[in-house]
There are 2 protein chains.
Amino acid sequence: MAQRKSPTRPRPAAPPRPRDAEQTRSEILHAARVLFATRGYANAGMREIAAAAGITPALVVRYFGSKRDLFIAAIESDIGLGPFLGPDRATVGRHIARYFFSKPVREADTLSILLHAAGEPEVCDLATELLAARVIQPLARWLGPPRAEARASLLLAIISGTWLFRQALPMRAFTGGPDTALASCMAAQIQHVVDGLPEA
Amino acid sequence: MAQRKSPTRPRPAAPPRPRDAEQTRSEILHAARVLFATRGYANAGMREIAAAAGITPALVVRYFGSKRDLFIAAIESDIGLGPFLGPDRATVGRHIARYFFSKPVREADTLSILLHAAGEPEVCDLATELLAARVIQPLARWLGPPRAEARASLLLAIISGTWLFRQALPMRAFTGGPDTALASCMAAQIQHVVDGLPEA
DNA sequence: GTTTTTTGTAAACGCCTGTTGACTTCTAGC
DNA sequence: GCTAGAAGTCAACAGGCGTTTACAAAAAAC
């Protein structure tokens with residue numbers, strides 16, 4: 001049988017990466033979250049993610065199986081408005097608006113990842129299912145009648161639209177801080193929906 | 001000099017496409033708009049667009065130069081809320097909501113194309129500039145004080161968020177018709193912003 | 001001390017992409 | 001009728017993609 005060449009190439013002087021599987025795995029996941037959130041699923045390449053994690057693309061595959069499985073792992077973390085859904089309903093609008101207009105734009109948040117999944121045939125369904133289960137349903141329960149699910153959906157649309165133009169499709173008006181006119185308008189708007197949204 | 005082979009392959013029996021440059025150009029543009037709107041910039045391939053137009057990818061390049069130039073041509077058409085910005089301010093919320101919840105989901109509208117440009121490094125800036133010039137500015141002028149630009153931005157966020165979850169990231173609650181609870185909530189919501197958005 | 005398993009790298013694979021150049025074929029002008 | 005140019009097809013290119021295979025080396029097990 002044919003014998004393979006064993007060139008024993010000169011090993012480079014670069015110090016080898018310390019072997020820590022758990023840390024490597026979390027570094028891959030963090031890099032993937034950042035790149036999925038900023039570039040979207042299609043534009044974030046495996047080589048780019050691997051380079052950001054300081055490793056080789058083959059290792060990403062070994063840890064997570066495939067790009068799609070990596071995406072699933074990247075969105076399987078905390079998402080939802082849970083922290084805001086407390087007993088104090090009178091100021092929740094201001095709190096949510098302040099939170100989203102204080103958030104650093106380039107952070108690796110799950111909402112950005114999911115919004116970037118729009119139109120990606122591979123991961124679009126996953127994104128919508130996650131949003132329905134983790135955002136719409138708890139929010140509708142917290143809101144209560146009347147028209148709980150419609151009001152919850154509308155809140156998701158407001159927040160997502162705002163965050164879309166702040167993070168993914170950045171427009172000047174949306175990139176300011178929590179003390180801008182837009183932030184206070186958003187707060188009033190959210191509060192209006194929370195309070196029951198009387199018919200126009 | 002080397003002479004090229006001239007194989008004179010047998011011509012297939014398929015009837016040749018009628019030669020009409022103007023019609024071909026508009027068919028390419030329509031196919032591009034549909035595919036950019038449904039699949040996004042990255043996922044809509046030149047071969048796919050060419051096939052939808054019934055021609056060859058090389059011809060798409062000859063008509064439009066490059067994929068990016070084709071995208072520019074695809075968004076250089078009517079966009080904006082112009083038709084709604086009339087003298088009747090009391091019912092504009094209902095009109096806009098009814099329009100967007102009556103629109104067929106798979107139509108090739110410019111808003112979908114622009115939302116799908118999120119995160120695409122090649123075309124992201126174009127999309128935001130077009131939205132600012134053709135939507136935000138006229139809308140702010142029509143709205144008037146107080147905080148015209150902030151309210152205009154908020155309206156864009158509401159409409160875009162709603163349309164995003166109806167078209168690009170389709171969720172059950174958003175795919176209904178103009179008589180659903182969500183549509184009437186959206187109408188009330190828009191009207192509230194148009195009317196001046198009193199502080200919460 | 002030797003063997004086995006884990007953790008990592010390097011190079012390639014097949015496929016798909018946008019784009020190009022050479023080539024036909026229809027059509028309009030003379 | 002002949003010719004020039006427009007309209008369209010075909011095949012290939014270079015490069016990027018996700019993924020796989022082969023291999024090296026450190027750590028762990030015995």
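Labels below follow one simple rule: chain letters A, B, ... track the order of the sequence lines, proteins then strands, and each chain is numbered from 1.
Distance A:Leu59 CG to D:dC23 C1': 14 Å, rounded to the nearest Å. What separates CD of A:Glu27 from P of C:dT7 is a distance of 14 Å, to the nearest Å. Look at CZ on B:Arg62: it is 15 Å from P on C:dC23, rounded to the nearest Å. Between the P atom of D:dG16 and the CG atom of A:Asn43 lies a distance of 14 Å, rounded to the nearest Å. When rounded to the nearest whole Å, the span between CD of B:Glu120 and P of C:dG18 equals 11 Å. Atom CZ of B:Phe71 and atom P of C:dT17 are 18 Å apart (whole Å). Between B:Tyr41 atom OH and C:dT17 atom P there is a gap of 14 Å when expressed in whole angstrom units. Rounded to whole angstrom, the span from the CD1 atom of B:Ile28 across to the C1' atom of D:dT9 amounts to 14 Å.
At the heavy-atom level, B:Ala44 lies under 4.0 Å from the strands shown only through sugar-phosphate atoms. Residue contacts shown for B:Tyr63 are limited to sugar-phosphate atoms, with no base heavy atom under 4.0 Å away.
Nearest to the side chain of B:Ile55, among C:dT9, D:dT9, D:dT19, sits D:dT9. Side-chain atoms of A:Ala58 lie closest to C:dA10 of the nucleotides D:dA7, C:dT19, C:dA10.
Among pairs with a residue in residues 124-159 of chain B, none fulfils ring-ring contact (aromatic ring centres under 6.0 Å, His included), at least two apart in sequence or across chains.
Nucleotides of DNA chain D nearest to B:Pro57 and B:Thr24 differ in position, and the one nearer the 5' end is that of B:Thr24.
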Worked check of side-chain contact (heavy atoms from CB on, under 4.5 Å) between B:Ile136 and B:Ser153: CA-CA 6 Å; B:Ile136 294 283; B:Ser153 302; 3.8 Å; yes

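Note: A:His192 and B:His192 have parallel aromatic rings, judged against thresholds of 30 and 60 degrees for the angle between ring planes. Between B:Phe36 and B:Phe71, the ring-plane angle classifies as perpendicular under the 30° and 60° cut-offs.
Shown are B:Ile49, B:Leu59, B:Leu70; of these, the side-chain contact (heavy atoms from CB on, under 4.5 Å) with B:Phe64 is made only by B:Leu70.
Using a 4.0 Å cut-off between charged nitrogen and carboxylate oxygen, B:Glu122 and B:Lys67 do not count as a salt-bridge pair. Ion pairing between A:Glu149 and B:Arg172 holds under the 4.0 Å rule for side-chain N and carboxylate O.
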Where protein sits on nucleotides 1-6 of chain C, one letter per nucleotide: B base, S sugar-phosphate only, - none, heavy atoms under 4.0 Å: -----B

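Not a single donor-acceptor pair, N or O on each side, falls under 3.5 Å between the base of D:dG16 and the side chain of A:Arg47.
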